[in-house]
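Report on the following structure.
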Protein chains: 2
Amino acid sequence: MSPSDTALVERPASIGRRYLHDEVVVRLRELILSGELEPRSRVNEADLCRRFDISRTPLREAIKLLAAEGLLDLLPNRGSRVAALSAQEIEEVLEVVAALEGAAGELACLHITDEEIAAIEVLHASMVDAWQRRDPPPYFELNRRIHEAIMAASRNNALQGVYATMSGRIQRARYAASKTPEQWALAIADHEEMIILLKARDGATLGSLMRRHVRSKRPVISAAFGNA
Amino acid sequence: MSPSDTALVERPASIGRRYLHDEVVVRLRELILSGELEPRSRVNEADLCRRFDISRTPLREAIKLLAAEGLLDLLPNRGSRVAALSAQEIEEVLEVVAALEGAAGELACLHITDEEIAAIEVLHASMVDAWQRRDPPPYFELNRRIHEAIMAASRNNALQGVYATMSGRIQRARYAASKTPEQWALAIADHEEMIILLKARDGATLGSLMRRHVRSKRPVISAAFGNA
DNA sequence: TGGTGCCATTTTGCATTCATTATGCATAAT
DNA sequence: ATTATGCATAATGAATGCAAAATGGCACCA
């Protein structure tokens with residue numbers, strides 16, 4: 001990663017300094033996550049160079065970076081392609097995400113302010129609203145923001161960094177998965193429990209709950225994602 | 001990362017195919033972890049090009065990759081330098097490592113074989129021996145191998161990948177830290193408890209123990225590492 | 001004597017070029 | 001008709017070239 005960007009490290013962030021490849025990483029990541037570049041499709045360097053109007057050097061640097069994030073696979077002498085995780089790999093990454101969110105829950109209880117909890121409650125209310133309207137897009141978005149709010153409350157940059165990377169790797173799978181009404185209701189119940197535990201600052205219990213909560217998405221995701 | 005190497009992703013690994021920058025990543029990482037390249041020191045591209053006898057392109061790719069791992073910091077227009085984590089950053093990363101090892105403990109109980117447990121017991125016995133001889137180097141090495149054996153038993157490649165990256169980032173700090181006799185004895189006791197829990201396949205308890213065990217290194221490390 | 005600005009040198013970031021490897025297609029052989 | 005082979009084309013990996021930025025030294029000045 002590089003200073004301006006992103007996940008794992010961002011410390012020496014002076015102002016105004018930018019790498020070209022940083023910009024490219026951001027835009028290329030968007031193309032991948034949005035699905036504009038389809039999973040398993042080969043990446044043509046010349047095309048992207050024209051698209052971004054840069055030379056191949058910074059583009060290739062960006063490709064290497066995204067490969068390190070797990071968003072691209074490198075094929076020696078044949079360039080790179082958009083990563084498509086197998087069902088098993090998705091489950092593996094999900095397990096990592098569960099561990100990270102669990103840690104965030106524990107740490108958040110040590111640092112979160114009442115204001116932050118209140119903000120999460122507001123997000124939660126909107127999310128319940130979206131759920132009652134059976135409206136997945138805002139539901140997903142609000143759900144993501146709640147989890148990120150807890151992440152932020154962990155006050156741990158390293159944790160937030162790996163979490164961003166890991167959850168990015170399975171983001172598309174997450175969106176592709178659709179819950180049954182029962183699973184959906186259980187997820188809502190989990191979130192309400194989470195808020196209670198946050199208020200009680202019960203880190204140990206919140207940690208376990210969040211690990212279980214994230215793991216509970218496993219059948220949903222791997223069912224929807226039948227590419228092994 | 002790239003196919004042949006390494007932590008996060010390594011799947012499309014056909015044979016014989018190699019990137020130059022892969023080789024460089026491995027060798028450069030050794031230079032950093034061994035301390036041959038000192039923390040905070042600037043990295044001179046021309047020097048390393050001569051040393052590795054390659055051109056700047058693959059070297060720069062390797063630098064980007066190691067920056068993504070958190071081993072190097074990128075300084076726009078001023079190259080890169082060896083990362084030197086502050087005490088706070090070390091604590092942050094250690095917290096992540098604790099979460100990952102905890103997850104490994106939980107998963108290991110689901111998959112570990114009796115033979116693997118026996119192998120860990122052998123390692124543990126050697127480690128106790130090194131401890132009684134007050135001989136840190138083999139102690140550290142055996143300790144590392146025990147934790148890695150549990151990681152391997154998690155049967156989760158994604159987990160092992162991030163773990164390798166994260167623990168690499170604080171490896172030097174770990175080695176620099178020296179325990180008090182009490183801390184040392186407690187660590188040994190933890191390991192014995194871990195073996196008991198592995199035999200009992202008690203994942204939940206082992207997970208908590210490992211999280212606590214790793215966290216217990218925090219005062220040791222941050223005390224020894226007073227560079228904020 | 002200590003600080004400041006200027007200029008030469010070095011180093012970096014990016015573009016371009018070159019060599020090697022893969023890919024697609026036409027042709028030939030069975 | 002189908003598969004295999006060779007060749008032309010395209011794309012990749014690495015080296016080199018070049019312009020911009022940073023670093024260091026020196027003269028100049030307060």
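Below, chain A is the first sequence line, B the second, and so on; all start at residue 1.
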Using atom CZ of R50(A) as one end and atom P of dT16(C) as the other, report the distance to the nearest whole Å. 14 Å
Take atom CD of E45(B) and atom P of dC14(C), then tell me their distance rounded to the nearest Å. 11 Å
Answer yes or no: does a side-chain N or O of R78(A) lie under 4.0 Å from OP1 or OP2 of dA11(D)? no
Taking atom P of dA14(D) as reference, at what distance in whole Å does atom OH of Y19(B) sit? 8 Å
Step by step, work out the side chain to side chain contact (heavy atoms under 4.5 Å, CB included) result for L31(B) and R51(B). CA-CA 12 Å; L31(B) 289 184; R51(B) 186 197 275 250; 3.7 Å; yes
Would the base of dA14(D) count as contacting S55(B) through its side chain, where contact means a donor and an acceptor less than 3.5 Å apart? no
Below 4.0 Å: OP1/OP2 of dC14(C) and any side-chain N or O of R60(B): no
Ranking I54(B) and G79(A) by the position along DNA chain D of their nearest nucleotide, the one closer to 5' is G79(A)
Rounded distance in Å - CZ (F52(B)) to C1' (dA15(D)): 18 Å
Any N44(B) side-chain N or O less than 4.0 Å from OP1/OP2 of dT11(C): yes
Test side chain to side chain contact (heavy atoms under 4.5 Å, CB included) on H213(A) and H191(A); report intermediate values, then the result. CA-CA 9 Å; H213(A) 174 73; H191(A) 276 227; 3.3 Å; yes
In whole angstroms, the gap separating P of dA15(D) from NE2 of H21(B) amounts to 13 Å
Sugar-phosphate only, base, or nothing, as touched by V43(A) at under 4.0 Å among non-hydrogen atoms: sugar-phosphate
Which nucleotide sits closest to the side chain of L20(B): dG13(C), dA14(D), dT16(C)? dA14(D)
Between R218(A) (side chain only) and E95(A) (backbone N and O only), is there a donor and an acceptor less than 3.5 Å apart? no
For L48(B) and dA15(D), what is the distance between atoms CG and P respectively, to the nearest whole Å? 14 Å
Measuring to OP1 and OP2 of dT23(C), would you say a side-chain N or O of R42(A) lies under 4.0 angstrom away? yes
Atom-pair distance (CD on E61(B); P on dG13(D)), nearest Å: 8 Å
Looking at V214(A) and R174(A), what are the two nearest heavy atoms and their distance? CG1-NH2, 4.5 Å
Quiz item: R56(B) side-chain donor-acceptor pair to dG13(C) base, under 3.5 Å: yes
Would you mind reading off the distance between N77(A) atom CG and dA19(C) atom P, rounded to a whole angstrom? 17 Å
Looking only at heavy atoms, what is the nearest atom pair of Q160(A) and S154(A), with distance? NE2-OG, 4.3 Å
